[in-house]
Amino acid sequence: MQFSLRVVFLILLALFLVSALMGALISYNTSLAWSRFVAVLLAIGVCFFFVAIPEHIRIFAQNDFSPLCIIWAWLPAALLIYFVLTNDWTARVGKVAWLDPVWRWFATWQPQFPGVRLDSNSLGGVLGMLLPLQMAALWNGRGQTRIVAFVLVFASLIGVIVSASRGAWIACAVIAWLAAIWFVLERVMPGWQQGHKRLVMWSALVVYLALTIGLAVTLTPLGTWLWNEGGGHWQVARDSFDLASDYPFTGIGLGAFTMAYSSYVLLVHVPHTIHAHNLFLDLWLEQGLLGLLAFIGLIIVGVLNSPGSRWRFAALASLGVMCLHGLLDDPFYGYGGGAIPFVLIPLGVLGREAALPRKRRLAWWTPALAGVVGLMGLLVLLWPPTRALREANLGALAQTQAELAVYEWPRYSFQDQLRRDGIVDLEPAITHYQNALALDPLNPTAHRRLGQIALARGEYAQARQHLEHAYVRAPAQFATRVLLGELYALDGDTTRAAALWRGIDPQTGSLETRRWWYEFLGDQERLKRINQAERMQRLE
């Protein structure tokens, strides 16, 4: 029995496309979802282009050229020029103080061109990802003078710097350092990638990378940037993971993050955060578990693939920049999604047909292993807690579609208004939550969402019961802490309320929004109790 990695690669791309289609179909934000689906289609088309384009094209009998060398050499420069002409430079003022004069200078002469704007963070991510391929193209290509090559690479580096994308800076620096170590190893230990030496050296590189990142986090301002409780990238990613745990199988759909995050994590009534600041979390949220697994599968196939391609080292470095940057921020699905068409480029280079092994024989144990894995997967799906997760997922999705397809500020002052006044039908969602609790009595999603609905409807005792159960299973979840603390405050237990609210940054607006809700209801007694608990929280 034989198989080709090319077939696996194509199947994974097809699954990635299916996941995007599902994300468009389930999203409450229909217009934005379908525009992002088109962007994913473009990404798959770009991937196929780099898989299929020939290495050389002959024009005349005695002359040929490499289209890949030309594309990689000049594509970053074209993107940089497009960005300079279309970006809103005044919006960047204040992000990195020492670059503010540069932004103001650009804004004084910039012409106004129509078109899709590429955010500077997305530009930094794309340029950083393309930089290794550009350097390989200029190294391998013909017809480029050293001066032109230097200017093109220098322009890309300047683009990464002026993008003010600190995630891109870190990713490029770490991958460049590892690439330098790789070259040194090739000189000092030729053939280190063969045999047992390969495992030893790869293990050493992984340990070295972990130590490098650890030292950077502890000894530089990077740690403060990542773990800043007032909305740092790590905090947003952690809260986004909580949101994804409500929709573990389906995600929330393409383009649906912003108001879902505001409504079900921060509990605020207006847009607050536009994406998860993590590529893999954004993929999970927008295209579900299928899209995330397909993307990870494409990475694995790409790394295992094309051992003899002259682009392999550059493509692996490009993939490394993308993945490392993706852990710190999301320049592709985030910031409006303008860079989504570029997200599969390194995988397309690694998956080039000319370099794919044509056929490999399956080992005798492979079908048996696949059968065991499939059986274990089936048993996991039939396991009651997993079935409860599925029911809670369907309930959260039904609630999101019902509420956020209707809710619009300032037409409605708060999402709670829809629940209290019966403007939307939440019975399908409630039924799914109750089914989840029948399978797993401590399912945190079902308890938290039912508590949220009961609280909005004024059913305070029922809400407290649900939220206390949710807190037992998931005590760190932000929304559970805010809502349960609110109920303790309403019962006059300001000490427990303040303890749950400890560490909540006022900039999120969560506690302020809950206070406004009782002002909106005209319930002065409960508003007074909320204010007392909030004052105690600030004193702590």
Side-chain angles (χ1 to χ4, degrees), residues 224-236 238-240 242-243 259 261-273 407 409-410 412-421 444 447-540:
T224 304
W225 173 61
L226 287 175
W227 278 276
N228 176 16
E229 291 296 322
H233 288 197
W234 179 255
Q235 179 68 32
V236 173
R238 187 169 63 184
D239 290 338
S240 298
D242 289 341
L243 180 65
M259 281 310 300
Y261 186 83
S262 291
S263 302
Y264 306 116
V265 175
L266 296 184
L267 309 175
V268 296
H269 61 298
V270 292
H272 182 279
T273 303
Y407 177 77
W409 189 86
Y412 298 103
S413 298
F414 303 93
Q415 297 90 327
D416 300 71
Q417 189 178 352
L418 303 180
R419 303 162 193 149
R420 190 180 189 91
D421 298 342
H447 277 302
R448 187 179 66 258
R449 294 298 186 103
L450 286 172
Q452 185 182 33
I453 294 170
L455 178 57
R457 291 176 173 177
E459 301 165 354
Y460 300 110
Q462 183 179 352
R464 177 168 174 167
Q465 182 181 11
H466 280 302
L467 288 165
E468 284 180 335
H469 284 306
Y471 185 74
V472 169
R473 180 69 70 86
Q477 287 190 339
F478 183 87
T480 301
R481 290 169 52 207
V482 172
L483 294 174
L484 184 56
E486 177 181 335
L487 285 163
Y488 287 152
L490 296 180
D491 287 343
D493 193 347
T494 54
T495 301
R496 294 178 72 182
L500 282 175
W501 289 348
R502 185 180 296 118
I504 293 178
D505 194 292
Q507 292 183 1
T508 62
S510 302
L511 300 181
E512 187 176 32
T513 302
R514 301 313 301 164
R515 185 173 69 248
W516 288 344
W517 168 240
Y518 291 97
E519 289 181 359
F520 174 80
L521 294 177
D523 192 334
Q524 295 302 317
E525 180 59 32
R526 289 191 170 90
L527 175 61
K528 180 181 177 181
R529 295 175 183 178
I530 292 290
N531 287 333
Q532 289 174 345
E534 193 173 356
R535 281 195 295 271
M536 182 176 288
Q537 179 258 352
R538 286 198 297 268
L539 290 175
E540 291 183 357

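If you read the sequence from its start, that first residue is 1, and numbering goes on from there.
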Asker: Among residues at least two apart in sequence or on other chains, which ones pass salt bridge (Lys or Arg N to Asp or Glu O under 4.0 Å) with Arg457?
Answerer: none
Asker: Applying side-chain contact (heavy atoms from CB on, under 4.5 Å), run through Trp501 and Met536 and close with a yes or a no.
Answerer: CA-CA 10 Å; Trp501 289 348; Met536 182 176 288; over 6 Å; no
Asker: To the nearest 0.5 Å, what is the distance between CG (Leu511) and CZ (Arg514)?
Answerer: 10.0 Å
Asker: CH2/Trp409 to OG/Ser262 distance, rounded to the nearest 0.5 angstrom?
Answerer: 12.5 Å
Asker: Just wondering, do Ser413 and His269 contact through their side chains at under 4.5 Å, heavy atoms?
Answerer: no
Asker: Which residues pass the side-chain hydrogen bond (donor to acceptor under 3.5 Å, both in side chains) test with Gln452, sequence neighbours left out?
Answerer: none
Asker: Could you list all the salt bridge (Lys or Arg N to Asp or Glu O under 4.0 Å) pairs where at least one residue sits in residues 262-271, not counting sequence neighbours?
Answerer: none
Asker: Minimum heavy-atom separation for Ala479 to Leu267, with atom names?
Answerer: O-CD1, 4.0 Å
Asker: With sequence neighbours excluded, what pairs up with Glu519 under the salt bridge (Lys or Arg N to Asp or Glu O under 4.0 Å) test?
Answerer: none
Asker: Looking at CG of Leu483 and CG of Leu455, how far apart are the two atoms once the value is rounded to the nearest 0.5 Å?
Answerer: 6.0 Å
Asker: Looking at every heavy atom in both Ala533 and Ala498, which two are closest together, and how far apart are they?
Answerer: O-CB, 4.0 Å
Asker: When you measure from the side chain of Tyr518 to the backbone of Lys528, do you find a donor-acceptor pair of N or O atoms at a distance under 3.5 Å?
Answerer: no
Asker: Taking it one step at a time, do Ile453 and Arg420 satisfy side-chain contact (heavy atoms from CB on, under 4.5 Å)?
Answerer: CA-CA 8 Å; Ile453 294 170; Arg420 190 180 189 91; over 6 Å; no
Asker: As an exercise, state the distance from CD of Gln462 to CG of Leu467, rounded to the nearest 0.5 Å.
Answerer: 10.5 Å
Asker: Not counting sequence neighbours, which residues clear side-chain hydrogen bond (donor to acceptor under 3.5 Å, both in side chains) with Ser510? List them please.
Answerer: Thr508
Asker: Using a 6.0 Å cut-off, check whether atom CD of Glu459 has over 12 heavy atoms from anything other than its own residue.
Answerer: yes
Asker: For the side chain of Thr494 and the backbone of Gln532, is there at least one donor-acceptor N/O pair under 3.5 Å apart?
Answerer: no
Asker: What do the steps show when you test Arg529 against Asp493 for side-chain contact (heavy atoms from CB on, under 4.5 Å), and what is the final call?
Answerer: CA-CA 9 Å; Arg529 295 175 183 178; Asp493 193 347; over 6 Å; no
Asker: In chain order, what residues pass the side-chain hydrogen bond (donor to acceptor under 3.5 Å, both in side chains) check against Gln524, with sequence neighbours excluded?
Answerer: none
Asker: Find the distance between CG (Leu527) and CH2 (Trp516) and round it off to the nearest 0.5 Å.
Answerer: 12.5 Å
Asker: Applying side chain to side chain donor-acceptor pair (under 3.5 Å), which residue pairs with at least one partner in residues 471-482 are found, sequence neighbours left out?
Answerer: Asp440-Arg473, Arg448-Gln477
Asker: Go through the structure and list residues passing ring pair (Phe, Tyr, Trp, His ring centres under 6.0 Å) with His272, not counting sequence neighbours.
Answerer: none
Asker: What I want to check is whether the side chains of His469 and His447 have a donor and an acceptor closer together than 3.5 Å.
Answerer: no
Asker: If we check side chain to side chain contact (heavy atoms under 4.5 Å, CB included) with Val482, which of these qualifies: Ile504, Leu266, Leu500?
Answerer: Ile504
Asker: Run the salt bridge (Lys or Arg N to Asp or Glu O under 4.0 Å) test against Arg526 and tell me which residues pass, sequence neighbours left out.
Answerer: Asp523
Asker: What closest approach, in Å, do Phe478 and Val265 show between heavy atoms, and which atom pair accounts for it?
Answerer: CD2-O, 3.1 Å
Asker: Trp517: what forms a ring pair (Phe, Tyr, Trp, His ring centres under 6.0 Å) with it, not counting sequence neighbours?
Answerer: Phe414, Phe520
Asker: Identify the two heavy atoms, one from Gln415 and one from Ser263, that lie closest to each other, and give their separation to 0.1 Å.
Answerer: NE2-OG, 2.8 Å
Asker: Run the ring pair (Phe, Tyr, Trp, His ring centres under 6.0 Å) test against Tyr488 and tell me which residues pass, sequence neighbours left out.
Answerer: none
Asker: Asp491: what forms a salt bridge (Lys or Arg N to Asp or Glu O under 4.0 Å) with it, not counting sequence neighbours?
Answerer: Arg464
Asker: State, to 0.1 Å, how close Ala497 and Ala489 come at their nearest heavy-atom pair, and which atoms those are.
Answerer: CB-N, 3.7 Å
